[in-house]
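Just so it is clear: chains get the letters A, B, ... in the order the sequence lines come, proteins before strands, and each one is counted from 1.
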Number of protein chains: 2
Amino acid sequence: MTTIADVARAAGVSVSTVSYALSGRRPISAETRERIQAAIDELGYRPHAGARSLASRQTRVMALAAPLRTDLYVPVIMQFVAAVATAARAHDHDVLLLMNDEGPAGLERVAGGSMVDAFVVMDVATNDPRLPVLRRLREPTVLIGLPGRADGLSCVDLDWEAAGRLAVQHLVDHGHTAVALVGPPPAAYERGTTYAHRFRTGFETAAAETGIRGLAVPCEPSHDGLGASLARVDTEQPGTTGFVVHNEPVVGTLLHALRGSGREVPHDVSVLAVGPHELAEGQAVRLTSIGIPADEIGALAVEMVADLLAGRSPQTTLVAPRLVERDSCAHRSDSSAGV
Amino acid sequence: MTTIADVARAAGVSVSTVSYALSGRRPISAETRERIQAAIDELGYRPHAGARSLASRQTRVMALAAPLRTDLYVPVIMQFVAAVATAARAHDHDVLLLMNDEGPAGLERVAGGSMVDAFVVMDVATNDPRLPVLRRLREPTVLIGLPGRADGLSCVDLDWEAAGRLAVQHLVDHGHTAVALVGPPPAAYERGTTYAHRFRTGFETAAAETGIRGLAVPCEPSHDGLGASLARVDTEQPGTTGFVVHNEPVVGTLLHALRGSGREVPHDVSVLAVGPHELAEGQAVRLTSIGIPADEIGALAVEMVADLLAGRSPQTTLVAPRLVERDSCAHRSDSSAGV
DNA sequence: TTGAAAGCGGTACCAT
DNA sequence: ATGGTACCGCTTTCAA
């Protein structure tokens, strides 16, 4: 293994000069810099991360606490993970992966061992037990999601409430007066994951404000689960012509079920999906959808980590939802709202 | 921050004694051990990972190179990642996440900086450019997958060829004489990902050996993609009564398409899926399926890392496929094979 | 069974 | 602009 001393010797300078050449923390003559760089290239020198972290008290690694749940849509989770990892590299950081099954103890372990400089935490619940721990740690934290109280911690997330409103508004604009939300599984609501609540709140608020009928039903992500939810809608709110699906796994199933019950999309009913655009586009009818900008949010999270590391104060950022029109929402020119 | 010296002082022993008490590398009297443990608990001491890796030349971190492709079924990838992360923790290791977009350079960077003790690499292709690099590195590697030549590296994977044979055999056992494989997208074959080839080889070999008709068609993971593939099957091999789907995203779509063309499952045609059991169970008809034991393979990978770290030689392990019977494969008692 | 001290490979202060 | 060197916190000889 080649060390900084080897490089110094080869370049005919002192170790401190090599160190400063590397960090740029003090002026080095162009000529010296070149000799050093040549030595580094020739020897294939790589600073020892452990030695560096010991001396400098920073690791250039950030921890990413990612969820491991079956009631979450995995492709989106993975997109967040990939976005954070990629953005971290762009900031010359690596990512230490923490699976949430370790809980608060895992965060303490990693922080206590000085393994990371900061935390990015996904899947935060209203009263997440990790929050008090994170506040106490000296390493800064960015939450992907929005807990009940965010004080002292940075947060980034989609503005789910605005997304819920946007969905309803789009259907209202198309003349719908009875809309249903096929939401996440009950478990997602019960767990206190705020995005489920926030979307639903936006949905219900907008329905109330625009004076249309709106019904939100949770949905288990299976063929039968969707069947049950759809039955509830048909029973509790007959005449529903607009569907919002905030439950990726059942998007395709919903389409088939509607068709199976004689309702053509978009001729008889409109469907608006919330989820990845690829999902929306891969269906029998290309679905109008509100995307989840995981790449953007992941990159923002890392940006905010950098801010905190630079000494700036925690902040909360909500990303505005964006709707892409495709082929699943049609105008209802007449006033008939029967099935 | 509390250091080993603080602990030593509090316990009234030397630093080396604390170190040895922690590592267990030399006998410590029960009484001393207790005093040390008490001091550790009281002070909340955590060894500094960087200092430790500097002195001991090992990090207790393993790198996990995970793919970032859109043509892979993400839930399964994630299951591998979770399995490796969990197993790593069970071996007192952490996981540094590498997204494959960095390629061989990322591996060299991380190894050169002494950030990890070993590598677990997913999504290996026949002539993966990372292989020569990994062979050269001093850190041992375990591949999840099977490259063209595995010499010098450990490998774990599902025995995909056996899986392909198992699928055909199951359909043959149920009296089918014309079976089709709806496989992964062309990109998966072209990339040289061996699992696609191996499954297909097993499928075709078994079909040939049992003397039945067998047709393998790749399939783009979308509604239209499935439509195209199904059309090929109907044209090139009319009378097909057994379908093997090795393409998770289109499983549901295939079911609907068959139904749409007047073929009931399992009455008219049998369908056998390859993929997670939850996927198979969430369909309109509960599908007989061959699972992908990601948890088992991930755990094995970590086990093999531990073996290599302990000085044992590289080895290759192929996990036998397991088939779970559900409701999508029926016996064809007569000899009619018409659509 | 325990202690003292020499590294491990960097960083950054103090000099020049 | 550059060099010398005292740490950073831990592991592991060497000694007792």
Side-chain angles (χ1 to χ4, degrees), chain A residues 1-37 39-40 43-61 92 109-117 138, chain B residues 1-37 39-40 43-61 92 109-117 138-139 309:
Chain A
M1 181 192 202
T2 113
T3 75
I4 196 172
D6 299 328
V7 175
R9 200 172 308 118
V13 296
S14 72
V15 287
S16 51
T17 300
V18 176
S19 178
Y20 282 117
L22 250 20
S23 68
R25 290 177 175 286
R26 86 180 180 190
I28 302 286
S29 74
E31 188 224 0
T32 307
R33 188 195 309 286
E34 276 170 29
R35 286 219 312 288
I36 293 175
Q37 190 53 55
I40 289 178
L43 300 175
Y45 168 68
R46 306 260 190 190
H48 186 291
R52 192 169 247 190
S53 89
L54 178 55
S56 70
R57 308 183 142 281
Q58 53 161 344
T59 62
R60 306 215 66 93
V61 175
D92 198 25
R109 182 176 60 77
V110 161
S114 300
M115 301 184 73
V116 302
D117 293 339
R138 69 169 178 290
Chain B
M1 180 191 202
T2 114
T3 74
I4 197 173
D6 299 328
V7 175
R9 201 171 309 121
V13 297
S14 74
V15 172
S16 52
T17 301
V18 176
S19 179
Y20 283 117
L22 250 20
S23 68
R25 289 179 175 288
R26 87 178 178 188
I28 302 285
S29 74
E31 188 225 357
T32 306
R33 187 195 310 286
E34 275 170 30
R35 284 218 313 286
I36 291 176
Q37 190 54 53
I40 288 178
L43 300 176
Y45 168 67
R46 307 259 190 191
H48 186 289
R52 190 168 250 189
S53 88
L54 179 56
S56 70
R57 310 185 140 280
Q58 51 162 347
T59 62
R60 306 216 65 94
V61 174
D92 198 25
R109 183 176 60 78
V110 160
S114 301
M115 300 183 72
V116 303
D117 293 339
R138 71 169 178 289
E139 290 81 2
L309 250 17

Between A/Arg25 and C/dA12, does any side-chain N or O lie under 4.0 Å from OP1 or OP2? yes

Looking only at side-chain atoms of [X], point me to the closest of [options].
X       : options               : value
A/Tyr45 : D/dG9, C/dT1, C/dG10  : C/dG10
A/Thr3  : C/dG10, D/dT11, D/dG3 : C/dG10
A/Ala51 : D/dA1, C/dT2, C/dG9   : C/dG9
B/Arg26 : C/dG9, C/dG3, D/dA1   : C/dG3
B/Ser16 : C/dA12, C/dG3, C/dC8  : C/dG3
B/Leu54 : D/dT5, C/dG3, C/dC8   : C/dC8
B/Ser29 : D/dG9, C/dC13, C/dT2  : C/dT2
B/Arg57 : D/dC10, C/dC8, D/dG3  : C/dC8

Assign [X] to base, sugar-phosphate, or nothing according to its heavy-atom contacts below 4.0 angstrom with the strands shown.
X        : result
B/Val13  : sugar-phosphate
B/Ser19  : base
A/Thr32  : sugar-phosphate
A/Arg33  : nothing
A/Ser114 : nothing

Can you tell me if A/Arg26 uses its side chain to pair, donor with acceptor, with the backbone of A/Tyr20 under 3.5 Å? no

Donor-acceptor check, side chain of A/Ser56 to backbone of A/Arg52, threshold 3.5 angstrom: yes or no? yes

Starting at atom [atom1] of [X], determine the distance to atom [atom2] of [N], rounded to an integer number of angstrom.
X       : N      : atom1 : atom2 : answer
A/Asp6  : C/dG10 : CG    : C1'   : 13 Å
A/Glu31 : D/dA1  : CD    : P     : 13 Å
B/Arg52 : D/dC8  : CZ    : C1'   : 16 Å
A/Tyr20 : D/dA1  : OH    : P     : 14 Å
B/Ile4  : D/dT12 : CD1   : C1'   : 11 Å
B/Ile40 : D/dC10 : CD1   : P     : 10 Å
B/His48 : D/dC10 : NE2   : P     : 8 Å
B/Arg9  : C/dG3  : CZ    : C1'   : 15 Å

Nearest 0.5 Å, please: how far is CZ in B/Arg138 from CE in A/Met1? 6.0 Å

Measuring only between side-chain heavy atoms, which start at C-beta, is A/Leu54 closer than 4.5 Å to B/His48? yes

Of A/Val15 and B/Ser14, the one whose closest DNA chain C nucleotide lies more 5': B/Ser14

Starting at the 5' end of DNA chain C and moving along, which residue's nearest nucleotide shows up first, B/Thr17 or A/Gly50? B/Thr17

Between B/Ser29 and B/Thr32, do the side chains contain a donor N or O and an acceptor N or O under 3.5 Å apart? yes

Is there a side-chain hydrogen bond (donor to acceptor under 3.5 Å, both in side chains) between A/Ser19 and A/Ser16 once you walk through the steps? CA-CA 5 Å; A/Ser19 178; A/Ser16 51; over 6 Å; no

